[in-house]
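Some notes on the structure that comes next.
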Amino acid sequence: MANRKNNEQGIIDLCLASLHALPGCRHDFTAAPPGSDHAGHLALSGSWGDCRYRVQVVARLTPLAARLVIHQAQDTQEAPLLLLADFVSERLAGELRGHGIAFLDTVGNASLREGGLLVEVSGRKRKAPPVRTSRGFQPSGLRLIHLLLRKPEALNWNYRRLAKEAGLALGAVGPVLKELEERGFSREDTSGKRRLRNRLDLFRRWEVGYLERLRPKLLLERCRPATDLGLNALPEMIRRQNLQGQIQIGGELGAALILEGLKPRQAVLHLQGDPLAIMLRLRLVPDPEGEVILLAALGTRTEGERLALADPLLLHAELMDLGGAGEDPARQIFERFLDRHFQSAPQRQSPERPA
């Protein structure tokens, strides 16, 4: 745990060390308080002038992580973003440059274009194995974090209840909670209750982990509707087959049920029942390129008579996974259901459910 706790600081130190090679460039890094939604601020100055960056650290920069960083950078009005990473590949470097995102990695690849500063270094290869992801952002930890983001009050539940609700082994709960505390995402208040801190940053980290590591383990099948059915027929089929208590609708189809004007081309169904039986009743045909993705539901759900939507955290992540096609609906989901949830006192708000 201690090694992981120091990994982000190690990435910062190695990235900033490469600035020493720039003649006449002075730098001053100020770390953010624990639990902040960024690592700190970096001020650079020299004969060319000065500039200030808001620093974000991504230990393992994948295509999806890069896309989410670009999306987040476009939404902030603060200082320009500087991404620090273990390694930035040539392809991802080109994508970041194309969107005006400054970056540094631990082997010296860099792109800094701010005011009179112009630094471009590319082609350097990775010298060490990739940084390992912490336990909290492995699949079992991601299950628990999802529960805590949905229900911040769950941070004060006992371990047995947390394990049952999140669907993970009892022994996995303690290490994840300890890591969240060490990384500044949890702390005890004056009344002795634990509070989740900086949920927005935790959600951003969870979203990458969910799409890259947890969701592949939840995948049950990819399929398509029978030829005489369309994607839009699925909600009514779920009603007719009385499957409301076994399915939560996500992806573009779920978003289309609450956002006006969205024409879904893809659906994610989170299942609690027997996948084969559900496929037969919904007339879904296995197809590796199909537009319907079947996933095992996260945690436990209660039975109900109304159509159930996947929670806003999942809806946002699944829309972001579509790239540019899903970014505007994802922004609407965030503004409508998540923004107040993260900015205000802990309270849960779910999407309106279609009657």
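With contacts defined as side-chain heavy-atom distances shorter than 4.5 Å, the pair R222/V292 does not qualify. Q138 has its side chain within reach of R213: a pair of non-hydrogen atoms, C-beta onward, lies under 4.5 Å apart. Counting heavy atoms from C-beta outward, E120 and R113 have side chains that approach closer than 4.5 Å. Residues I247 and L282 form a side-chain contact, since some pair of their non-hydrogen atoms from C-beta on lies under 4.5 Å apart.
A salt bridge is absent between R187 and E182; no separation between the charged side-chain nitrogens and carboxylate oxygens falls under 4.0 Å.
Here the side chain of R67 pairs a donor or acceptor atom with the backbone of D321 at under 3.5 angstrom. A donor-acceptor pair is defined here as one N or O able to donate and one able to accept, closer than 3.5 Å; no such pair exists between the side chain of H41 and the backbone of D28. Panel note: side chain R194, backbone L155; a donor-acceptor pair is recorded below 3.5 Å. The backbone N or O of Q246 lies less than 3.5 Å from no partner atom in the side chain of Q272, so there is not a single donor-acceptor pair. A donor-acceptor contact shorter than 3.5 Å is absent between the side chain of D339 and the backbone of F334.
The distance between the ring centers of F203 and H316 falls below 6.0 angstrom.
Applying the salt bridge (Lys or Arg N to Asp or Glu O under 4.0 Å) criterion to R124, with sequence neighbours excluded, gives no partner residue. For the salt bridge (Lys or Arg N to Asp or Glu O under 4.0 Å) test, residues two or more places apart in sequence or in another chain that qualify with E252 are R265.
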